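Keep in mind that this is a model prediction, so the values were computed, not measured. Numbers here simply count residues along the sequence, with the first being 1.
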Amino acid sequence: MIELTDVCYAYDGVPALRHVTAAAAEGETVALLGPNGAGKSTLLRLVNGLIFPEVGQYLFEGTEITARRMREHRYAKWFHQRVGYVWQNPAVQLFSASVWEELAFGPEQMGLSAAEVRQRVEDALALCGIEHLAARAPYTLSGGEQKRTAIAAVLTMNPAVWTLDEPLAALDEAGAAWLTDFLRALKRAGKTVLFSTHDTALADALAGVRWRFTPAREVRVER
């Protein structure tokens, strides 16, 4: 489903990824492990089509993902329905006036009927346990509530691929337990999941594959 071949990427000439070759099959759960600054977040952004290889190739379901391809509105819309991204800091991705509007935004962009949008929002609110937050503005929420809102917003799109950057960051024990169970549910549902983490226990509990990042911004695949 996801194929990276000899991928390199740099910020202002400073390498962030060096000759990365790795692949994730449909339904696979992959943990991205390694020190801060090793390129884990950069790779997740690349997988989501937000940045593009400067060297090498990224294929999603057999199609090369490039800046030119992502400028094709129809393809980009389809791609972003297939691949969901939960940022490390959820406040970065929340922009609507209320939680309800935040969750409705994606399905509305898909052109779904009002009834289908409402059903998806209600289902996501219930699954994430945030029905009581529906009328709240996202900026008024706690960090844990924002994380659940960001996850619920992705959930309304029902993507085939979930990517999460440090999903347990800033969560208390109860929040971390809930999110771990949620990731297990995604795995049982056959979703493809890529997540970066420093929590080896989370990787051990969920991931069948590890992409281990080195300080040199290289990646070693472990199965």
Check whether any side-chain heavy atom of [X] lies under 4.5 Å from a side-chain heavy atom of [Y], and answer yes or no.
| X | Y | result |
| --- | --- | --- |
| L59 | I65 | no |
| V86 | P167 | no |
| K187 | V193 | no |
| Q57 | D6 | no |
| L183 | L164 | yes |
| I151 | L179 | yes |

Exercise: identify the closest heavy-atom pair between [X] and [Y]:
| X | Y | answer |
| --- | --- | --- |
| V30 | A207 | C-CB, 4.3 Å |
| V154 | P159 | O-CD, 3.3 Å |
| A104 | P107 | O-CD, 3.3 Å |
| A16 | R217 | O-CG, 2.8 Å |
| A176 | L171 | N-CB, 4.0 Å |

Original post:
Run the salt bridge (Lys or Arg N to Asp or Glu O under 4.0 Å) check on D123 and R120 step by step: do they pass?
Top reply: CA-CA 5 Å; D123 288 347; R120 288 196 181 207; over 6 Å; no

N/O donor to acceptor pairs below 3.5 angstrom from side-chain atoms of residues 35-46, sequence neighbours left out:
residue	atom	partner	partner atom	Å
N36	OD1	H198	NE2	2.8
K40	NZ	G34	O	2.9
K40	NZ	P35	O	3.0
S41	OG	D165	OD1	3.2
S41	OG	D165	OD2	2.6
T42	OG1	Y11	OH	2.9
R45	NH1	Y11	OH	3.4

Taking [X] for its side chain and [Y] for its backbone only, find out whether a donor-acceptor pair lies under 3.5 Å.
| X | Y | result |
| --- | --- | --- |
| T163 | G84 | yes |
| Q146 | P138 | yes |
| R18 | A216 | yes |
| T5 | G56 | no |
| N89 | A91 | yes |
| Q88 | A169 | no |
| Q93 | W87 | yes |

Distance, nearest 0.5 Å, that separates [atom1] of [X] from [atom2] of [Y]:
| X | Y | atom1 | atom2 | result |
| --- | --- | --- | --- | --- |
| H80 | Y75 | NE2 | OH | 9.5 Å |
| R220 | L33 | CZ | CG | 10.0 Å |
| L168 | E173 | CG | CD | 12.0 Å |
| T21 | E218 | OG1 | CD | 10.5 Å |
| I130 | K147 | CD1 | NZ | 13.5 Å |
| T156 | E116 | OG1 | CD | 10.5 Å |

Is [Y] reachable from [X] through a run of hydrophobic residues whose side-chain heavy atoms are each under 4.5 Å from the next?
| X | Y | result |
| --- | --- | --- |
| L194 | L206 | no |
| V117 | F95 | no |
| W100 | M157 | yes |
| V99 | F105 | no |
| L133 | L94 | no |

**OP:** Could you go through the salt bridge (Lys or Arg N to Asp or Glu O under 4.0 Å) check for R210 and D204 one step at a time?
**Re:** CA-CA 9 Å; R210 291 166 174 77; D204 290 343; 2.4 Å; yes

**OP:** Check the surroundings of atom CD in E64: do more than 12 heavy atoms from other residues, nucleotides or ligands lie under 6.0 Å from it?
**Re:**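 Result for CD/E64: enclosed.
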
Original post:
Does H132 NE2 have over 12 foreign heavy atoms under 6.0 Å away?
Top reply: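 It does: H132 NE2 has more than 12 such atoms within range.
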
**OP:** Would you mind listing every ring pair (Phe, Tyr, Trp, His ring centres under 6.0 Å) that reaches into residues 164-191, with sequence neighbours excluded?
**Re:** W162-F182, W178-F182

**OP:** Any ring pair (Phe, Tyr, Trp, His ring centres under 6.0 Å) involving residues 37-71? Give me the pairs, sequence neighbours left out, ordered by first then second residue.
**Re:** F60-F79

Only counting residues at least two apart or in another chain, list the ones meeting salt bridge (charged side-chain N to carboxylate O under 4.0 Å, His left out) with [X].
| X | answer |
| --- | --- |
| E61 | R82 |
| E145 | none |
| R118 | none |

Original post:
Run the ring-ring contact (aromatic ring centres under 6.0 Å, His included) check on F213 and W211 step by step: do they pass?
Top reply: CA-CA 6 Å; F213 289 66; W211 294 356; 7.5 Å; no

Original post:
Do E101 and S98 pass the side chain to side chain donor-acceptor pair (under 3.5 Å) test, and can you show the C-alpha distance, the side-chain angles, and the key distance before you say yes or no?
Top reply: CA-CA 5 Å; E101 292 174 68; S98 71; 3.2 Å; yes

